Amino acid sequence: MAPSSVMPPDTTNATVEPGRYEAGQTGLIVKVPEAEPAVRAWRERLDPSAIAGVPAHVTVLFPFLHERLIDATVQAALAEIVSSHRAFDVRFAESRRFPEVLYLAPEPDTTLRLLTRAIAHHWPQAQPYGGRFPDVIPHLTVAQRQEADVLDAIEADLARSLPLTTRISSVDLMVHDGVAWRDRASFALRV
């Protein structure tokens, strides 16, 4: 199939896996609205976080603290940590892969890594992805749990929309309400 004719697969009956997200779970992300035109159709069909209401983003820390633990003191500490970093530009020029996952790679990713480390250091009980990975690679997921040929087609389609650049000026706290992800708070980076 030629890249220009690639269409997102018809998975209109896609559902979020039962138990994938729990009410009260939280995560910290940087939103990337500039990526939406390129990735939305794919993410809505092939990324459970999109199906659950999370926009195009790069994860800073997931899971974060349970919602019941996030009080004014936690929010003030988050605001202080985030504001200790400057707003920055990120460029997405290429897609890359993890096993069965296609993602856009942010460059540079240094500030994203520093944000993750600083927040996880402050709350050691909230390690990125539960501590499953020795090195957390910042990424904007486009599709998950797909065979290589499907990822090849998506990658060819995405290539027409790259590169794209965005300004990262805040970190957003999202909470799962048992049905979908909702915005809870936003923390500004230093200008």
Side-chain angles (χ1 to χ4, degrees), residues 1-64 67 90-107 109 112 116 128-130 132-133 136-168 170-184 186:
M1 186 178 291
S4 61
S5 64
V6 174
M7 294 299 295
D10 180 14
T11 56
T12 53
N13 294 324
T15 58
V16 176
E17 301 164 36
R20 181 166 177 96
Y21 303 117
E22 299 172 10
Q25 260 186 324
T26 65
L28 295 163
I29 66 170
V30 294
K31 294 178 183 177
V32 186
E34 293 81 0
E36 290 289 352
V39 303
R40 178 180 290 150
W42 294 113
R43 289 187 70 247
E44 286 177 349
R45 290 163 179 80
L46 303 174
D47 180 3
S49 73
I51 296 165
V54 181
H57 69 283
V58 176
T59 300
V60 173
L61 185 59
F62 176 82
F64 186 51
E67 179 184 31
V90 171
R91 184 171 189 253
F92 295 89
E94 65 181 4
S95 55
R96 295 184 189 159
R97 297 185 190 186
F98 299 128
E100 298 181 335
V101 173
L102 180 70
Y103 67 93
L104 298 181
E107 292 295 333
D109 68 3
L112 293 162
T116 298
Y129 303 103
R132 291 185 301 166
F133 307 105
V136 177
I137 299 170
H139 60 281
L140 190 158
T141 299
V142 177
Q144 295 186 44
R145 298 190 189 101
Q146 301 301 309
E147 298 295 325
D149 59 334
V150 173
L151 298 181
D152 290 343
I154 299 168
E155 196 166 35
D157 180 59
L158 290 173
R160 296 189 326 243
S161 301
L162 300 178
L164 60 93
T165 303
T166 189
R167 180 92 174 146
I168 305 296
S170 65
V171 173
D172 293 291
L173 173 64
M174 296 194 76
V175 63
H176 198 270
D177 65 9
V179 176
W181 287 95
R182 309 280 182 213
D183 288 317
R184 163 92 184 253
S186 187

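Since we're looking at a predicted model, the values are computed, not measured.
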About how many Å separate [atom2] of [Y] and [atom1] of [X], when rounded to the nearest 0.5 Å?
X	Y	atom1	atom2	answer
Ile137	Thr116	CD1	OG1	12.0 Å
Leu61	Ile29	CG	CD1	12.0 Å
Tyr103	Leu158	OH	CG	13.5 Å
Thr141	His57	OG1	NE2	6.0 Å
Lys31	Asp172	NZ	CG	4.5 Å
Leu112	His139	CG	NE2	11.0 Å

Are [X] and [Y] side-chain neighbours, meaning at least one heavy-atom pair lies under 4.5 Å?
X	Y	result
Leu104	Leu162	yes
Ile168	Val58	no
Leu173	Leu28	yes

Checklist entry - Looking at residues at least two apart in the chain, or sitting in another chain, which of them share a ring-ring contact (aromatic ring centres under 6.0 Å, His included) with Tyr129? => result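 By the ring-ring contact (aromatic ring centres under 6.0 Å, His included) rule, Tyr129 matches Phe133.
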Item to check | Under the ring-ring contact (aromatic ring centres under 6.0 Å, His included) test, residues paired with Phe92 that sit two or more places apart | outcome: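 ring-ring contact (aromatic ring centres under 6.0 Å, His included) list for Phe92, sorted by chain: empty.
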Considering residues at least two apart in sequence or located in another chain, which fulfil the side chain to side chain donor-acceptor pair (under 3.5 Å) criterion with [X]?
X	answer
Thr26	none
Glu155	Ser95, Arg97
His176	none

Between [X] and [Y], what is the shortest heavy-atom contact and its length?
X	Y	answer
Gln144	Pro48	NE2-CD, 3.7 Å
Ser170	Val30	O-CG1, 3.4 Å
Val136	Pro138	O-CD, 3.5 Å

Checklist entry - Do the ring planes of Phe62 and Trp181 sit parallel (below 30°), tilted (30 to 60°) or perpendicular (above 60°)? => result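 Phe62 vs Trp181 ring planes: perpendicular.
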Checklist entry - What ring-ring contact (aromatic ring centres under 6.0 Å, His included) pairs are there with at least one residue in residues 146-168, not counting sequence neighbours? => result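 Every candidate ring-ring contact (aromatic ring centres under 6.0 Å, His included) pair involving residues 146-168 fails, so no pair, neighbours aside, qualifies.
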Next on the checklist: Run Leu46 and Ile154 through side chain to side chain contact (heavy atoms under 4.5 Å, CB included) and show every step you take.
Outcome noted: CA-CA 11 Å; Leu46 303 174; Ile154 299 168; 3.6 Å; yes
Next on the checklist: Applying side chain to side chain contact (heavy atoms under 4.5 Å, CB included) to Glu67 and Arg184, what does each step give before you reach the verdict?
Outcome noted: CA-CA 9 Å; Glu67 179 184 31; Arg184 163 92 184 253; 3.1 Å; yes
Quick one: side-chain contact (heavy atoms from CB on, under 4.5 Å) partners of [X], sequence neighbours excluded?
X	answer
Pro163	Arg91, Ala93
Arg40	Glu36, Glu44
Glu107	Arg96
Ala50	Arg43, Asp47

Next on the checklist: Donor-acceptor check, side chain of Arg45 to backbone of Ala41, threshold 3.5 angstrom: yes or no?
Outcome noted: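 Checked: pair present.
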Item to check | Contacts of type salt bridge (charged side-chain N to carboxylate O under 4.0 Å, His left out), residue Arg182, not counting sequence neighbours | outcome: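 Partners of Arg182 by the salt bridge (charged side-chain N to carboxylate O under 4.0 Å, His left out) criterion, ordered by chain and then number, come out as Asp177.
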